[in-house]
Amino acid sequence: MAIARQRFELPDGVIYLDGNSLGARPRGVVERVQSVIVDEWGRDLIASWNAHGWMELPHKVGDRIGSLIGAAAGQVVMADSTSVNLYKLLHGALALRPDRTTIVTEAENFPSDRYLIDAVARQRSCAVVLADAEAIVDAIDANTALVCLTHVNYRTGRMHDMAAITAAAHRVGALVLWDLAHSAGAVPVELDGCDVDLAVGCTYKFLNGGPGSPAFAYVAQRLHDLVHQPITGWLGHAEPFAMRPTFEPVAGIGRFLAGTPPVLALAVLDAALDAFDGVSMHAVHDKMMSLSELFIARVDATCDGRGLSLASPADPLRRGSQVSFTHEHGYGVIQALIERGVVGDYREPAICRFGLAPLYLRHTDIWDAVDHLADVLQHGEHIAPRFQQRLAVT
Ligand SMILES: *Cc1c(COP(=O)(O)O)cnc(C)c1O
């Protein structure tokens with residue numbers, strides 16, 4: 001049994017192992033967005049901003065996500081994309097440590113995060129210190145302004161010890177900024193409990209908010225009045241409709257907004273989060289570990305000698321919600337599986353990635369998926385010429 005499979009619309013004949021890239025569609029989102037379009041926008045027009053709480057949506061949805069990542073109310077807000085929120089919080093964090101000279105991250109961090117860390121470091125005359133995943137704590141020293149990491153690695157699913165790294169940064173007076181793109185809705189996260197300073201994440205992966213759904217930003221309450229972000233748009237102003245000539249940030253998490261909220265996208269996301277109602281993240285995590293252990297055991301039993309090797313940590317407690325394998329013809333393996341209705345994805349270099357969304361996956365799906373994988377490899381389907389053609393989105 002999946003935890004909440006009946007809360008999702010899933011096409012027949014598909015085993016969906018890509019919920020780590022684009023979560024499946026929860027039931028109820030069509031009705032909700034239809035109502036916002038027809039009853040609110042269509043009928044009440046501009047009055048809807050007040051009458052239907054549109055301005056509150058970034059906060060309301062932010063608090064719902066906060067409850068899934070261990071953040072008390074008033075510390076999470078929905079805005080922009082993860083990349084843009086990273087930019088805002090990187091600047092905000094570095095401005096709080098003006099006398100320090102480095103940002104610690106890892107070479108294996110997600111490329112967008114690396115690009116932004118590099119750019120903001122240049123703008124603020126900081127150096128970027130690249131450490132191996134195992135050596136982050138050793139790389140933190142009295143020069144460190146900020147440690148900026150992705151909690152669960154997008155390629156391997158390797159999960160950092162958030163509590164230990166955050167504590168190590170705080171011991172020397174550095175700040176931490178966590179990217180929760182592959183964590184939110186997938187593994188238990190305790191932002192307040194770990195005393196995290198700042199975090200960002202996206203909502204179209206394990207939170208199922210739909211393509212391009214808005215990202216979130218978390219700033220610990222104790223920093224609200226200290227942190228300033230560089231995109232000083234009117235919706236982060238203390239009185240947006242006073243139309244003042246100069247910027248004055250609003251108190252609280254609202255100052256991390258910049259422009260008008262994407263109301264339709266937020267309505268979809270709000271409805272999508274109903275899939276988590278009454279679901280404990282610990283139950284999600286237990287289910288995920290059991291799915292991933294089964295996946296690995298079945299690969300060991302059926303694909304031995306076929307060129308797959310586990311790229312994820314063998315210890316389930318150190319993995320996020322995916323299992324990854326390297327294979328010389330990884331791209332072809334994934335394409336051949338997709339033709340069979342088993343949808344995973346491919347990441348350079350040579351990584352076959354299988355996302356495990358416990359809300360809608362069952363053990364039987366894993367069993368069947370690995371049977372297909374073994375079949376593909378046994379029959380050499382993955383080296384067929386038609387599976388070698390790269391598509392724009394892999
Ligand atoms: C998916 C992902 C992002 C996405 O960033 P967008 O700006 O929303 O496109 C960012 N960081 C990580 C680690 C990701 O996995």
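Since the structure is predicted, the reported quantities are computational estimates derived from the model, not experimental observations. Just so it is clear, the values below take in all heavy atoms, side chains as well, and ignore hydrogens, waters and symmetry mates. Indexing begins at 1, ligand by ligand and atom by atom, following the structure's order.
- Close approach of ligand 1 to A181 (heavy-atom distance below 4.0 Å) involves ligand atoms 2 (C), 12 (C), 13 (C), 14 (C), 15 (O).
- Side-chain contact check for I253 versus V76: every heavy-atom pair is 4.5 Å or farther apart.
- Within ligand 1, the atoms closer than 4.0 Å to a non-hydrogen atom of S81 are 7 (O), 8 (O), numbered from 1 in the order shown.
- At under 3.5 Å, a nitrogen or oxygen of Y204, whether backbone or side chain, sits near a nitrogen or oxygen of ligand 1.
- Contacts between V84 and ligand 1, counted as non-hydrogen atom pairs separated by less than 4.0 Å, are absent for every part of the residue.
- In terms of polar-atom proximity, defined here as any N/O pair under 3.5 Å, D179 does make such a contact with ligand 1.
- Of all atoms in ligand 1, listed by their number and element, those nearer than 4.0 Å to a heavy atom of T150 are 13 (C).
- Here the NE2 atom belonging to H327 is positioned 13.0 Å from the CD1 atom belonging to I351, to the nearest 0.5 angstrom.
- Evaluated by nearest non-hydrogen atom to atom 7 (O) of ligand 1, the leading choice among S21, S83, P111 is S83.
- No hydrogens or angles considered: nothing links the side chains of H224 and Q75 as a donor-acceptor pair under 3.5 Å.
- Note: an N/O pair closer than 3.5 Å links K205 and ligand 1 by distance alone.
- Here side-chain hydrogen bond (donor to acceptor under 3.5 Å, both in side chains) pairs that include residues 237-246, with residues two or more places apart or in two chains, are E239-R244.
- Contacts between T82 and ligand 1, counted as non-hydrogen atom pairs separated by less than 4.0 Å, involve both the backbone and the side chain.
- Using a 3.5 Å distance cut-off with no hydrogens or angles, the side chains of N109 and T150 do pair a donor with an acceptor.
- Contact atoms of ligand 1 toward H182: 15 (O) (distance under 4.0 Å to a heavy atom of the residue).
- Residues R255 and E248 are not paired through a salt bridge, judged by the lack of any N-O separation under 4.0 Å between the basic side chain and the carboxylate.
- Each salt bridge (charged side-chain N to carboxylate O under 4.0 Å, His left out) pair with one or both residues in residues 31-51, not counting sequence neighbours, appears once here: R32-D270.
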